[in-house]
Amino acid sequence: DGAAEGANRGRDGDWLSPRQHGGARRAALSGKEAAAVPPRRDVERLPPAAVGPPPAGPVPSTASCRCWERPGGAGRGSGLRSAGREEEVLPECEHLSRRSACSSLIPQDFYSDSPGGFEINLDHRKLKTPQAKLFTVPSEALAIAVATEWDSQKDTIKFYTMHLTTLCNTALDNPTQRNKTQLIRAAVKFLETDTVCYRMEEPAALAELQKNEWDPIVAWAEKRYNVAIGSSTSILGPNIPASTKETFISHLASYNMWALQGIEYVITQLKSLILSMGLIDRHITVEKAVLLSRLEEEYQIQRWGNVEWAHDYDLCELRARTAAGTLFVHLCSESSTVKHKLLQD
């Protein structure tokens, strides 16, 4: 008993986590006693480095959960928490099942307001970018979105599914070291090879499909931005007037650097500046934009059949990346006061 009790504390006297405590207890026992002690498996996603006393007292219920309350001072009771709507925001609080995930659901533990924006905290440790910069986002809405993305991770963290986190890392580290002008010109350059501007002459069915599906979105862009775009069946592509490019350059200049990173990301997914702007301007949905960008592929699928393990996966991945990029642009462009007003309404 003395050895087992001594295993409750680490070398420096700190309380061990439940997982570490189980290992220390088994190490303190010997022979059949050690074999009789099963490994602790009732705590999920608790990092090996986590320290601190074991939780005590009753676990709060969903009715008394204050997960969405801003920390301290004048901010307490404001922010994300709206009176009488805790259960609507968090219908199933995870306090009861996942201790480590619970901290990611509480904004005061998961992100905090700082002079440079909002910092992201994982198990009370500040998140860093691949270049070891402090992970700081410009808006509270984006911080919540990133927190939700991390909380959706289960036993294994799958970074390739965390598109918002990836975009934030790109915006913070700027690995290509491009300025705002270079980002804008790289985005506008896609107009010269825009998917919806390249047309097929045959087969006739595909040519007719492209005309019916792509002409409306091109017409919308020409009217929306007062430009001339057109289309071409030549391998050289359409001849885009210089005035059209300058108009798009001026329009993109109204976005900040973070939003431009998201716009370029969406353009690279859809291979189309026109579809991307229609999506960001809420003229078309994500599903519609993805369908129009894959029009020729969808035509071939209708004719020759679908390969589920390939085509379905590609479609879902493209939708996820496009949706994340579009959300990123809006969260980096809109004021957080709009979000608070919507929550109050």
Side-chain angles (χ1 to χ4, degrees), residues 176 178-255 259-304 311 314-315 317-319 321-323 325-326 328-330 333:
T176 57
R178 291 181 296 174
N179 56 32
K180 185 174 182 177
T181 301
Q182 291 172 321
L183 278 175
I184 293 174
R185 295 200 174 275
V188 174
K189 189 174 180 60
F190 273 89
L191 190 60
E192 301 173 358
T193 57
D194 200 290
T195 296
V196 301
C197 294
Y198 276 82
R199 305 297 175 87
M200 301 289 295
E201 293 182 326
E202 55 183 22
L206 177 57
E208 183 68 18
L209 182 63
Q210 290 176 338
K211 177 179 176 61
N212 294 337
E213 297 293 338
W214 285 348
D215 279 0
I217 189 66
V218 173
W220 168 84
E222 290 179 334
K223 181 179 180 181
R224 164 70 173 81
Y225 301 103
N226 193 24
V227 295
I229 299 176
S231 60
S232 174
T233 57
S234 171
I235 193 175
L236 299 177
N239 184 17
I240 306 296
S243 59
T244 298
K245 297 180 182 179
E246 290 300 324
T247 299
F248 278 107
I249 289 175
S250 299
H251 176 72
L252 293 176
S254 64
Y255 290 92
L260 286 173
Q261 294 281 4
I263 291 174
E264 186 188 29
Y265 182 79
V266 175
I267 293 175
T268 57
Q269 304 307 315
L270 300 177
K271 306 298 187 293
S272 171
L273 173 63
I274 298 174
L275 291 177
S276 300
M277 299 315 300
L279 178 58
I280 293 171
D281 284 353
R282 298 184 175 93
H283 176 67
I284 55 177
T285 64
V286 171
E287 291 77 10
K288 183 68 173 178
V290 170
L291 176 63
L292 293 177
S293 71
R294 290 166 38 98
L295 197 60
E296 184 176 354
E297 186 174 353
E298 291 296 330
Y299 171 81
Q300 299 294 345
I301 290 175
Q302 291 292 332
R303 184 174 182 181
W304 303 108
H311 292 132
D314 290 342
L315 177 61
E317 277 294 298
L318 182 57
R319 285 178 177 174
R321 292 192 296 267
T322 303
T326 305
F328 183 82
V329 173
H330 289 301
S333 304

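Given the structure is predicted, the values throughout are model-derived calculations rather than measurements.
- Pairing each heavy atom of Leu275 with each of Ala289, the nearest pair is CD1-O, 3.9 Å.
- Around the NZ atom of Lys180, the shell of radius 6.0 Å holds more than 12 heavy atoms that belong to other residues, nucleotides or ligands.
- For the pair Glu222 and Gly230, the tightest heavy-atom approach, listed with the atom from each and the gap, is OE2-N, 3.2 Å.
- When atom types are taken as modelled, the side chain of Glu298 and the backbone of Leu291 share no donor-acceptor pair closer than 3.5 angstrom.
- Asp194 CG to Ser231 OG: the interatomic distance, rounded to the nearest 0.5 Å, is 11.0 Å.
- Expressed to the nearest 0.5 Å, how far CD of Glu287 lies from OG1 of Thr322 amounts to 10.0 Å.
- Inter-residue side-chain proximity for Leu318 and Asp314 is flagged as unmet; no heavy-atom pair is nearer than 4.5 Å.
- Proximity of Pro203 to Tyr299: side-chain heavy atoms (C-beta onward) are separated by under 4.5 Å at one or more points.
- In Arg224, the CZ atom is crowded: over 12 heavy atoms of neighbouring residues, nucleotides or ligands sit closer than 6.0 Å.
- Defined by atom type and a distance below 3.5 Å, a donor-acceptor pair is present between the side-chain atoms of Gln300 and Trp304.
- Using a cutoff of 4.0 Å between basic side-chain nitrogens and carboxylate oxygens, Lys288 and Glu213 are scored as salt-bridged.
- Within the 4.5 Å cutoff, no side-chain heavy atoms of Leu183 are placed close to those of Tyr255.
- Contact annotation: the side chain of Val227 never approaches that of Lys245 to less than 4.5 Å [non-hydrogen atoms, C-beta and beyond].
- Nearest heavy atom pair, residue Leu295 against residue Gln210, reads CD2-CA, 3.8 Å.
- To the nearest 0.5 Å, the span separating CD1 on Ile229 from CD1 on Ile217 amounts to 9.5 Å.
- With contacts defined as side-chain heavy-atom distances shorter than 4.5 Å, the pair Arg282/His330 qualifies.
- Rounding to the nearest 0.5 angstrom, the gap separating the OH atom in Tyr225 from the CD1 atom in Ile274 is 10.0 Å.
- Ring orientation note: the planes of Trp220 and His283 are close to parallel, at an angle under 30° on the 30°/60° scale.
- The number of heavy-atom neighbours closer than 6.0 Å to CG of Asn179, taken from other residues, nucleotides and ligands shown, is above 12.
- With values rounded to the nearest 0.5 angstrom, Leu260 atom CG is found 12.0 Å from Gln182 atom CD.
- Across every non-hydrogen atom of Ser293 and Thr195, the tightest pair is O-CG2, 4.1 Å.
- Here CD1 of Ile184 is found 11.0 Å from CD of Glu264. Values are rounded to the nearest 0.5 Å.
- When side chains are defined from C-beta on, Ile301 counts as touching Glu297, because their heavy atoms get closer than 4.5 Å.
- In this structure the side chain of Arg199 reaches within 4.5 angstrom of the side chain of Asp215, judged on heavy atoms.
- Of all non-hydrogen atoms in Tyr198 and Ser234, the two that sit nearest each other are CE2-O, 3.8 Å.
- Between Ala259 and Val329, the shortest heavy-atom distance links the atoms O-CG2, 3.6 Å.
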